[in-house]
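Per chain, numbering begins at 1; letters A, B, ... match sequence-line order. The structure presented is a predicted model; accordingly, all values stated were derived computationally and were not measured.
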Amino acid sequence: MYKFSLILGKISAVLLSLVGKKGGSFPGKLALKYSPDILKKFNYPKITILVTGTNGKTSITNMLSYIFEKAGYDVASNLGGDNIINGIVTLCIKNSDLNFNIQKEIFVIEIDELTLAKNLKDIGATCVVINNLFVDQLDRIGQEDYIVKRIKEALKDYKKDVIFCADDPWANSIKCEDGSFKTLNFGIDYTNFEQDDKKIENEVCQNCGNILDYENVYYDHMGRYHCNNCNFSNEKIDYKVQSVQEDSFILNGNKYYYSIPVKYHLYNTLCAITVAKEHNIKDDDINAITKNFTLGKGRMENVKVGDKKVLVNMVKNLTGANETIDFISKKEGKTSILFVLNDYIADGKDIAWIYDCEFEKIKNLKNIITTGKRPYELALRFKYGNFKNDINIIPTEDINVAVAELLKNDGNLYALSSYTGMNDLRKALRG
Amino acid sequence: MEINILWLYHNLLNANADIGNINTLKYRCEKRNIKLNIYKYVINDDIPDIPMDIVYTGSSNDKKLFIALEDLRKNEEKIKDVIQKSKLFFIQGDGAILFGKNIYRDEKIIYTGLGIIEKDFEKNDEKPYSTIMKISERNIEIVGFKNNRYKIKSSDNFLGKITKKDVILFDGYMDKNVIYSGIAGPILPRNPEFSDYLIKSVLEKKYNEKIEISNLNDTIEYMAKDELIREIS
């Protein structure tokens, strides 16, 4: 049955490409219908890297894929971000022969956190990469930090490498109790690194349940922390950033470039570099990619519409939203924002997090245009916000009307969208 | 007129963006020239020596709930006192288990709460879902997202009824000055009738007279409510 499923998947992939469809995850979905555990049948490349985390997976996966290609490797990757099981099986189907041998030197796979937790045992991974773990999709994941428990459980029988961010106390709590997998971490050890002005007084130590003490807060729960009860901390960092400039940083004594001057992108780049270095990639090949890396497609994408410039960004959860808000708040001048808010399953049904977003940080916010599936809920968030100045709030169900409203304004223009709204937003901006 | 609100564990039991509710109450009070004074309580904190009209708390994961429970045990007398003297103790989500009687898991009592909600709680295996709840004996509907890992063991003194796939379920608890709902997070913004019901009932109990509050323009509120009702339908 496995071979039948593989062949069926391959045929569907070919047919879809003949009609000009990339296929996304349909071939995988079809194969899984007949062989739900088909992942375990594949013979994976000697280097199979799984990239997970709440934010940054697609950027890191793309960066790594290009870095390995630059270094001369034959790489396959789900660059488009199809990161749940259907997408991953599709990737395997497209890159294997009829005997389930993946015909590539390196596999770099972006994988959703819950999908990793459920399927790690069936994938021949040689390196699991955890960029960060934040509160996301509570309706799907349950308790805020439940994903930590699920990933730890999945790693129990895993015997290769795990690379994670030390500055994230959830990711940093991933430990190998019995020495069966090797762990390595990355983080910031630079006292002048830009800090958040908020205090964190409610972060629970994943080891002992005490409240963590923070010396510095970088963003969300990332920072320099210590547990006064069990000494859990991020003092020991393997790949350590020692200083940061606007377009580069010093990592373990060497200079590396990153392309967007926002903290989360620095961490994404740092993560990719750590993985690349652990796979013996030269610095020149790394910097050739990271210096000008851009994901486009709605990830800090500059879009020109007539004589106006709009910065487009995907905002999928509270952390992503607040980092984008932090970036926007640093720009001088009148600001207008369009926000597409959907609550499909892929976005997360529970969109309460919008009330925790720090929009009030944007002092020059003049106009907010809300659209998508929940424009009025989003409008309420602004109506009931604590803004010092009056804001013009325009809710509309029509994305084209929303774009037209945004473009009426001068100054800084931003278009934000939840995951499923991005294609429609980009289409509307391009007219 | 003014209302004092004590927000218990505002930074610990806040997994569901409860700030939306506080901001809604503030806005809707200020539009009626009612002063809303917000006092935020954290672990080991002092409680200001003024009468609190509303005590409010939300929810979080089990680790944080039990950190809060430890603090409640240490400060039981003063916290119980301020709650029992308030006009309204409003709880959403799993924070309620801290104030219930016994908390059961697999038929065993794992913790005992403060007993302000005179009910036992047990694990709830339901997945989160959007819902419409009709509050009993009042012509008020609450539309929101039900997300609670624990539920009350009996259905006496329930707050309202939910119809889920032709089955009637009971949500929450309402008795004396306590209102608890398993519908978590910012429900007040899109449920203006419920927001005003809370404000009005607190003022009437505080000032011991019938209070009329002016209508506000709630067009956006009702459209937000309709968005979710369409989703549920």
Side-chain angles (χ1 to χ4, degrees), chain A residues 135 137-149 198-212 318 321 341-345 348-358 360 370 372-387 393-397, chain B residues 9-28 42-43 58-68 70 94 127-130 143-147 149 184-192 195 216-228 230-231:
Chain A
V135 177
Q137 298 191 351
L138 280 181
D139 53 303
R140 189 173 159 240
I141 298 215
Q143 298 190 59
E144 306 100 271
D145 56 355
Y146 184 58
I147 193 59
V148 181
K149 183 178 169 198
K198 69 171 186 239
K199 285 165 66 165
I200 295 184
E201 294 165 329
N202 61 349
E203 191 59 47
V204 172
C205 174
Q206 292 292 321
N207 274 353
C208 70
N210 220 43
I211 297 281
L212 286 178
L318 176 62
L341 182 66
N342 288 345
D343 62 354
Y344 293 107
I345 291 176
K349 305 294 287 175
D350 184 1
I351 45 91
W353 56 269
I354 59 171
Y355 287 91
D356 274 336
C357 291
E358 295 165 346
E360 284 78 356
T370 64
K373 222 168 143 260
R374 302 286 296 274
Y376 294 97
E377 184 75 38
L378 189 50
L380 281 185
R381 187 263 172 259
F382 287 90
K383 177 176 174 179
Y384 288 122
N386 290 314
F387 296 93
I393 303 170
I394 305 171
T396 172
E397 286 160 13
Chain B
Y9 306 108
H10 75 99
N11 61 343
L12 194 65
L13 304 185
N14 64 347
N16 301 101
D18 300 321
I19 184 81
N21 292 325
I22 296 291
N23 285 348
T24 302
L25 287 174
K26 182 167 179 280
Y27 178 98
R28 296 186 79 83
V42 299
I43 291 173
S59 181
S60 192
N61 62 37
D62 283 353
K63 287 193 191 78
K64 291 186 183 177
L65 282 173
F66 295 122
I67 289 175
E70 261 183 54
D94 292 316
K127 288 198 160 120
Y129 60 96
S130 300
V143 179
F145 199 79
K146 198 153 180 333
N147 186 359
R149 298 184 310 281
I187 59 172
L188 298 189
R190 77 181 83 85
N191 294 288
S195 304
L216 300 178
N217 181 345
D218 289 329
T219 307
I220 298 183
E221 284 77 355
Y222 286 114
M223 294 192 83
K225 194 170 183 173
D226 279 343
E227 276 172 357
L228 200 46
R230 275 199 305 269
E231 168 75 19

Check side chain to side chain donor-acceptor pair (under 3.5 Å) between Lys64(B) and all other residues, then give those that pass, not counting sequence neighbours.
-> none
Heavy-atom side-chain proximity of Tyr384(A) to Pro186(B) below 4.5 angstrom | no
Proximity breakdown for Asp94(B) and chain A, heavy-atom pairs closer than 4.5 Å = neither
Between Glu377(A) and Glu227(B), is there a donor-acceptor pair closer than 3.5 Å when you use the side chain of the first and the backbone of the second?
-> no
Lys26(B) versus chain A, the contacting section by heavy-atom distance below 4.5 Å | side chain
Looking only at heavy atoms, which two atoms of Tyr355(A) and Ile19(B) are closest? And how far apart?
-> O-CG2, 3.3 Å
Do Tyr27(B) and Lys383(A) touch side chain to side chain, with heavy atoms closer than 4.5 Å?
-> yes
Assert top hit (heavy-atom pairs under 4.5 Å, partner chain A, pool Thr219(B), Asp226(B), Ile43(B), Asp62(B)) equals Asp62(B)
Separation of Asn147(B) CG from Asp350(A) CG (nearest 0.5 Å) = 6.5 Å
Where the side chain of Asn11(B) meets the backbone of Asn202(A), is there a donor-acceptor pair that is under 3.5 Å apart?
-> no
Heavy-atom distances under 4.5 Å only: say whether Ile220(B) touches chain A with side chain, backbone, both or neither.
-> both
Do other residues, nucleotides or ligands put more than 12 heavy atoms under 6.0 Å from the NZ atom of Lys198(A)?
-> yes
For each of Leu378(A), Asn210(A), Asn386(A), tally heavy-atom pairs with chain B at distances under 4.5 Å, and name the one with the top tally.
-> Asn386(A)
Heavy-atom distance under 4.5 Å to chain A: side chain of Ser59(B), backbone, both or neither?
-> neither
Among Lys127(B), Arg28(B), Glu221(B), Lys63(B), who wins on heavy-atom pairs under 4.5 Å with chain A?
-> Glu221(B)
Do you know which of Gly144(B), Ala15(B), Gly185(B) has the most heavy-atom pairs under 4.5 Å to chain A?
-> Ala15(B)
What option among Arg190(B), Arg230(B), Lys225(B) has the most heavy-atom pairs under 4.5 Å with chain A?
-> Arg190(B)
Using a 4.5 Å cut-off on heavy atoms from C-beta on, say whether the side chain of Arg374(A) contacts that of Leu228(B).
-> yes
Compare every heavy atom of Leu380(A) with every heavy atom of Pro189(B), then report the nearest pair and how far apart it is.
-> O-CD1, 3.4 Å
